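Read the structure below first, then the notes.
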Amino acid sequence: MTSPVYARVGPGVVAWFRGHRILRWRLEVTVLAVAMVVVTYALSSWPGTVGPGRTPAPLHRSASGLVATDSFDRPVPYRTLEDRYVFNGSAQPGTGYAYASATGLDVGVKPHAGWAGWFAVTIHAASPQVVWHTVMSRPGRPSTGGTGEAVFAVQTATTQHNGAINYVVVASVSRNGLTHWLVGYAHGEVADADTEVLWQSPDRADSPTSEPVTVTTDGRHQIAVWLGDQEVYRSSDLQLDIPPPFQAYLEVQGQNEGYVSRFQDFWIARAAALQVRGIPAGASVTLVHGGQTIASASADREGTARLALPAPQAVGVADLVVASARSRRTYDQLSYAAGDVLVAG
Amino acid sequence: MTGTLESSTFEAASTFEAGSDLGLHVAARTVLERCPEPTNPLEVAVVLETCGYTASRAARLGAGGLMELGEQVLALMPLYAERAQEPSTAPGQPRSRRAQIVALLRSLGACGPLLVGLTTTFVAGVSFWSSAVAIPSIAVGLSLSTAVSLIVIAPFVQGFGRRAGFYLGLDDEGILAFVHRWTLEVGLVMTAGANIALYVVRNDLLGAGSPAANRLGLSVGLAVGALQVGLASFYVRRAYLAVVTLIVVASGLLVWRMHAAGAYVDPVALAAWQARFVAVLAAATCAASAWWLLRAGNSTPGPVWKPRPGALIKAVAPYSGYGLAYFVLLTSPQLIAGGAWQGRYEFDAPFAFAAGSAVVVLLPALALAVAATEEMFEAVIPDALAGHLVAELGHFREELIRYWRRRAITVGISGAAAAFALVVVVPWIDPRLGGGLVVHQFGLRASCAVAMAVMGVASFAAQLLLTLSQPRIPLIAAAGGAACFLVASGACSLWWSPATAAAVGLAVGSIAFAGLMLAGADGAFRRSDLTYYRTM
């Protein structure tokens with residue numbers, strides 16, 4: 001005999017729907033709803049772009065000046081790079097490529113006809129009050145059959161809002177077996193930009209294949225560019241019209257041939273002094289690397305020393321020496337960045 | 001005359017035997033019409049037999065024979081006893097102008113979330129789970145998980161709507177929490193499972209997508225599923241004003257957030273903010289459902305009827321199937337445009353924008369469907385019932401068919417006008433408003449708009465039949481449309497780009513859905529039964 005479609009249920013089940021069980025159900029729904037918000041919050045947190053730097057005890061870092069960093073000294077899967085960079089360009093899919101190995105981030109274009117470019121652009125943007133840095137390399141042998149460019153650009157991040165692609169550019173341009181380095185800025189809409197060259201090295205067959213490039217700009221009138229420790233260009237009266245904030249472009253351009261740019265030691269740091277607090281008034285603070293002094297300062301009456309770091313050395317690893325009349329202490333192998341606030345224990 | 005009456009009863013009963021719980025209630029009301037106060041199963045069985053019920057029909061309703069059917073129907077009588085003593089309301093009167101305005105506002109309120117979402121997309125470039133500012137890895141993760149969530153949760157939302165509406169119709173509010181647990185909450189668990197599976201497959205097995213974007217996608221999938229669960233009770237209770245208020249406040253905050261960001265919007269921060277925002281909104285709607293919307297109105301314990309699981313599943317399955325097929329048709333084109341037939345998925349922004357903005361064409365149909373279903377139950381059917389004898393079944397049917405066709409034509413014209421505006425007028429004014437409102441590919445824009453206009457008519461007809469407890473035709477039509485979409489898009493992808501294949505497939509699927517739906521609905525209204533509706 002089949003059971004009836006409907007069966008009258010007893011008072012226990014009635015209580016389930018109308019008594020304390022329904023209160024429990026309501027609480028369960030509420031708790032689950034709150035848990036869902038917490039889980040969503042945790043899952044939607046994006047990984048930071050700043051790795052933990054070494055802070056020798058009892059020194060304590062109360063604020064970091066490092067905005068972003070990628071040393072590109074170990075292999076990183078492409079899809080993990082996509083958490084920090086967007087890869088795109090004028091090259092056809094399959095022609096542009098990028099991969100990170102122990103020797104750096106290679107951004108390249110395979111052999112093709114005409115101009116084609118590919119780039120890695122930082123997902124996050126930074127304000128004008130920062131220093132931009134990378135070590136940029138071109139292939140060992142200069143281009144002969146076409147033109148190849150390794151490009152480091154600091155570009156407005158407002159393109160999706162206003163179509164502007166204005167940027168500051170540092171490039172190594174290689175053609176006919178000769179290479180030169182240049183500094184410039186460009187104005188453009190959506191895709192095409194006209195570049196104004198501000199500084200250019202002579203064309204040479206033995207031009208450096210690799211240069212540490214450091215850039216600061218306010219996007220309005222000021223640009224300063226260093227190749228290595230040498231400041232190659234500085235101006236404060238340009239009409240740049242680059243709306244902040246900015247993103248870094250690690251880029252390659254190739255004409256009629258395959259070409260690859262390599263990037264290492266990429267970082268962005270605040271353009272500010274490194275502060276050491278909690279030290280005796282008048283104590284001298286020195287940042288030393290390989291026997292060379294990077295910066296030094298004396299502590300004021302509040303016990304704070306402010307070290308003005310040279311832009312190319314705004315991020316690094318060095319020994320911090322704090323010397324007062326009564327003591328001298330060295331903090332070895334400190335990972336530092338301009339804008340850091342360090343507190344001596 | 002008796003023959004006409006009984007054959008009509010047979011039609012009604014056979015139509016609803018798929019959902020045998022409802023068939024049982026039809027039998028109960030049929031008995032009540034003949035015998036208002038039956039005293040024993042034998043009396044009920046005799047009445048049923050005189051109405052044409054046989055042993056085989058009783059078996060189809062889950063009873064061992066007519067006597068057992070009589071017992072089951074008699075057991076249902078207390079449910080109707082109280083209502084029978086209530087003063088009967090006057091036959092439905094034509095709606096006043098004020099009532100029509102209220103109905104229009106209510107129907108617009110029902111479309112509130114869609115309407116507000118589209119408005120914020122056009123005005124500020126951001127909606128609850130889409131924005132004009134996106135990077136490819138995030139767009140892929142978000143669109144995939146959103147599609148999975150909408151498809152997986154849809155059958156459960158439809159099932160809940162049907163079941164909750166059924167018990168509300170019986171004034172049995174206490175069981176709503178039980179229904180919520182075994183439809184929506186189970187659905188949410190399934191949605192979470194599907195999203196976790198998607199995450200594991202993409203992140204751990206295929207190594208596709210960036211890890212953070214995959215996690216973000218998972219979070220959005222969970223939040224979107226939970227939001228559907230939270231909103232379902234608002235629709236069942238017709239708390240349109242509350243839902244519109246919630247959505248307007250939430251959208252206002254989103255737009256404010258977008259404007260506060262200035263010229264640069266960090267795509268990562270925006271996507272994370274959207275996910276958290278949807279999660280908070282979902283939590284708020286779920287809590288509101290539990291503490292407010294799904295309350296039991298009367299404190300005195302009433303009879304609680306526990307349906308047999310098999311009968312329950314049989315009754316709800318067509319509604320859930322319709323929800324599944326409908327959302328496959330509505331959501332899958334984005335996946336096909338992304339290259340699903342080629343075994344990959346890349347977010348296709350122009351297609352997503354074309355299909356997303358074309359949803360505006362659906363709005364008139366959805367609003368009119370809400371207004372029409374309310375009008376049908378509150379005015380049209382009561383008027384027709386009051387104005388016709390059983391012997392005038394033909395006139396009753398003619399009135400319903402006239403009403404349905406008139407409304408369907410109105411929906412068609414509204415959809416066509418909206419499609420014309422989207423395809424022709426908006427592109428014309430777009431440059432004067434600063435651009436960004438339209439996709440520039442005319443073919444893509446036009447095919448999506450036409451598809452949505454046609455789907456609007458189909459959705460309208462489906463909604464009417466679902467409300468009239470006739471889910472088989474909408475199920476067959478939506479499943480047919482989804483199948484046609486898959487076949488057409490698959491065939492087109494052999495020669496054309498994925499986006500073109502998706503657009504053509506969407507148009508073909510929508511036309512198939514609408515064709516089947518119109519033919520089916522016309523037939524259903526032609527067979528509509530006065531006796532059945534009189535028992536409702």
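It should be emphasised that the depicted structure is a prediction, and the values quoted were computed from it without experimental measurement.
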- Query: Side chain, backbone, both or neither: which part of A:Ser45 has a non-hydrogen atom closer than 4.5 Å to chain B?
  - Reply: both
- Item | Atom group of B:Ala208 that falls short of 4.5 Å from chain A, counting heavy atoms | backbone
- Message: Go through it in stages, so that I can follow the logic: the residues are A:Trp46 and B:Asp266, the test is side-chain contact (heavy atoms from CB on, under 4.5 Å), and I'd like the CA-CA distance, side-chain angles, deciding distance and then a yes or no.
- Response: CA-CA 12 Å; A:Trp46 208 259; B:Asp266 187 323; over 6 Å; no
- Message: On a heavy-atom basis, which atom in B:Pro211 and which in A:Arg79 lie closest, and how many Å separate them?
- Response: CD-O, 3.4 Å
- Task: Write out, in numerical order, the residues from residues 262-271 of chain A with a heavy atom short of 4.5 Å from a heavy atom in chain B.
- Result: none
- Heavy-atom nearest pair, A:Val86 first then B:Pro136, reads CG1-CD, 4.1 Å
- Message: If the condition is ring pair (Phe, Tyr, Trp, His ring centres under 6.0 Å), which residues does A:Phe87 pass it with, not counting sequence neighbours?
- Response: A:Tyr78
- Side chain proximity check, A:Val29 to B:Trp291, heavy atoms < 4.5 angstrom: no
- Message: Restricting to side-chain contact (heavy atoms from CB on, under 4.5 Å), what partner residues turn up for B:Ser137, sequence neighbours left out?
- Response: B:Ile135, B:Ser210, B:Ala213
- Query: Taking every heavy-atom pair that is under 4.5 Å apart, which of B:His180, B:Glu185, B:Arg276 has the most such pairs with chain A?
  - Reply: B:Arg276
- Query: Where on A:Thr158 is there a heavy atom nearer than 4.5 Å to chain B: the side chain, the backbone, both, or neither?
  - Reply: both
- Shortest non-hydrogen contact from B:Tyr264 toward A:Ala157: CD1-O, 3.2 Å
- Partners passing ring pair (Phe, Tyr, Trp, His ring centres under 6.0 Å) against A:His187 (at least two apart in sequence or in another chain): A:Tyr185
- Name the option with the most non-hydrogen atom pairs under 4.5 Å to chain A; the candidates are B:Leu216, B:Asn203, B:Val229, B:Leu69. B:Asn203
- Could you pull out the closest heavy-atom pair between B:Arg215 and A:Pro47, with the gap in Å? NH2-CD, 3.8 Å
- Note on the structure: One option among A:Thr40, A:Val37, A:Leu43 has the most heavy-atom pairs under 4.5 Å with chain B, and it is A:Leu43
- Task: Could you tell me the separation between the CG atom of A:Leu32 and the CG atom of B:Leu188, rounded to the nearest 0.5 Å?
- Result: 8.5 Å
- Query: Side chain, backbone, both or neither: which part of A:Leu27 has an atom under 4.5 Å from a heavy atom of chain B?
  - Reply: both
- Item | Among B:Ser289, B:Ala284, B:Ala282, B:Ala279, residue most engaged with chain A (heavy-atom pairs, under 4.5 Å) | B:Ala279
- Message: If you count heavy-atom pairs within less than 4.5 Å of chain A, which of B:Gly209, B:Ala287, B:Ala223, B:Cys286 leads?
- Response: B:Gly209
- Around atom CZ of A:Arg74, are there more than 12 heavy atoms of other residues, nucleotides or ligands at under 6.0 Å? no
- Query: Does CD in A:Gln92 sit with more than 12 non-hydrogen atoms of other residues, nucleotides or ligands closer than 6.0 Å?
  - Reply: no
